[in-house]
Amino acid sequence: SLQAGLAVLLKAERLFHSSYHSQAVHIRPVCRVTHWFAQLPCGGFTVAASLSLVQDASCLAVSWELRQTLTVVFDTFSSSQGKKDWSLFKMFSRTLTDACPLASQSKVYVDISPKNKEKELLEVTPPPASVHEAIVQGDKRTYAVYDLLSPSLFNTSRSLNVQLKWKRPQDSSELPTPVLHAQRYVSGYGLQTGEISTLIYNTHPYRAFPVILLETVPWYLRLYVHTLTIITKGKENKPS
């Protein structure tokens, strides 16, 4: 249902107006988790039992996992005339009112990692109840966590509209560049000389990252796999 939970934000008018959106369905086999009871003796009688979950090491029983993902990129920097402020309502024209009744877990993560450690310049409203830290591409990232299943989240307000503001004007000419980023451009013309070039940059001083490149190509463009060329550090790598 699109009337509750995170699905409320899936407004087609706003999603198709974004700079990029992608929907995917992932299906994979996973080893089934088995249940067993541990019985405890008490005064000559077995009266206590506890439920435990055990992963099937031999993987004789297999279940299928279905995962649906939606990726959306909004260019709020351009649409807001160089301002970095954003909110859920500004991007989706909607706010969150409650969690999905069928969901066992429903959380919103907001990356509040400061640039150049200027944490005092960021203002996130409403204040998050918890903060999660993780290492992403070798960098320490900080996330504000909003648990939609928490009863206290909607006590003060009937809806959740996460907003991120800068306390003072920022330099609009400089945007942070991720450690791992890519660029793509088209050169030449026609089927004979036309080329699609993708440049992948890793600016980390010492760490290498595994990369899976997914190219989205229009249906009318014919590709010739034998013309694929991979160059790393100035040397050509022959695809296997």
Side-chain angles (χ1 to χ4, degrees), residues 4-11 14-15 17-22 24 67-100 103-182 201-207 209 211:
L6 298 177
V8 173
L9 302 178
L10 304 183
K11 186 178 180 181
R14 299 298 299 173
L15 297 180
H17 190 65
S18 61
S19 300
Y20 172 85
H21 72 277
S22 173
R67 183 164 57 94
Q68 297 174 295
T69 61
L70 173 64
T71 303
V72 184
V73 178
F74 290 99
D75 190 1
T76 57
F77 184 78
S78 299
S79 60
S80 302
Q81 300 179 351
K83 296 181 180 180
K84 298 181 181 180
D85 302 345
W86 62 265
S87 67
L88 290 181
F89 184 81
K90 188 175 182 179
M91 292 187 296
F92 299 99
S93 296
R94 293 180 178 179
T95 58
L96 296 172
T97 56
D98 55 5
C100 176
S104 59
Q105 185 180 29
S106 184
K107 296 181 180 180
V108 176
Y109 292 84
V110 181
D111 190 347
I112 57 175
S113 305
K115 179 184 176 184
N116 297 331
K117 298 184 179 180
E118 297 177 342
K119 186 177 181 180
E120 66 278 2
L121 298 180
L122 289 175
E123 181 180 3
V124 184
T125 55
S130 61
V131 175
H132 175 71
E133 294 184 348
I135 303 298
V136 180
Q137 296 182 356
D139 291 339
K140 184 179 180 180
R141 312 299 297 181
T142 304
Y143 299 92
V145 182
Y146 298 89
D147 189 356
L148 300 186
L149 295 179
S150 175
S152 61
L153 184 61
F154 297 104
N155 282 347
T156 57
S157 176
R158 298 182 58 182
S159 64
L160 174 64
N161 181 30
V162 182
Q163 303 180 59
L164 190 145
K165 297 182 179 180
W166 292 84
K167 296 182 180 180
R168 69 184 186 190
Q170 299 297 300
D171 185 6
S172 60
S173 62
E174 182 182 357
L175 289 177
T177 302
V179 175
L180 189 65
H181 61 280
Y201 298 92
N202 178 16
T203 59
H204 198 277
Y206 59 86
R207 184 175 179 181
F209 301 98
V211 175

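- Note on ring orientation: taking the six-membered ring where Trp is involved, the planes of Phe209 and His204 are perpendicular (angle over 60°, cut-offs 30° and 60°).
- Side-chain contact check for Val211 versus Asn202: every heavy-atom pair is 4.5 Å or farther apart.
- Using a 4.5 Å cut-off on side-chain heavy atoms (C-beta onward), Val131 and Val145 make no contact.
- Using a 4.5 Å heavy-atom threshold, the side chains of Tyr146 and Pro126 count as touching.
- When each of Thr125, Leu88, Val124 is paired with Gln163, the side-chain contact (heavy atoms from CB on, under 4.5 Å) condition holds for Thr125 and for no other.
- Side-chain atoms of Phe92 and Leu10, non-hydrogen and from C-beta on, never get closer than 4.5 Å to each other.
- Within 6.0 Å of atom NE2 in His17, 12 or fewer heavy atoms from other residues, nucleotides or ligands are found, so the atom counts as exposed in its surroundings.
- Within the 4.5 Å cutoff, the side chain of Val72 has no heavy atoms near those of the Arg14 side chain.
- Note: Leu149 CG to Lys107 NZ = 9.0 Å, rounded to the nearest 0.5 Å.
- Across every non-hydrogen atom of Asp111 and Arg141, the tightest pair is OD2-NH2, 2.8 Å.
- Two residues are said to be in side-chain contact when any heavy atoms from C-beta on lie closer than 4.5 Å; Leu6 and Leu148 meet this criterion.
- Asp85 approaches Lys165 most closely through the heavy-atom pair OD1-CA, 3.4 Å.
- Contact record, Leu15 with His21: O-ND1, 3.9 Å, taken as the closest heavy-atom pair.
- In this structure, the side chain of Asn161 engages the main chain of Phe89 through a donor-acceptor pair within 3.5 Å.
- Nearest heavy atom pair, residue Val136 against residue Tyr143, reads CG2-OH, 3.6 Å.
- Counting only heavy atoms from C-beta outward, the side chains of Thr97 and Ser159 approach each other to under 4.5 Å.
- Here the closest heavy-atom approach between residue Thr142 and residue Ser113 is recorded as N-OG, 2.7 Å.
- Closest of all the heavy-atom pairs between Val162 and Val110 is CG1-CG2, 3.7 Å.
- Put simply, CG on Leu164 and OG on Ser87 are 10.0 Å apart, with the number rounded to the nearest 0.5 Å.
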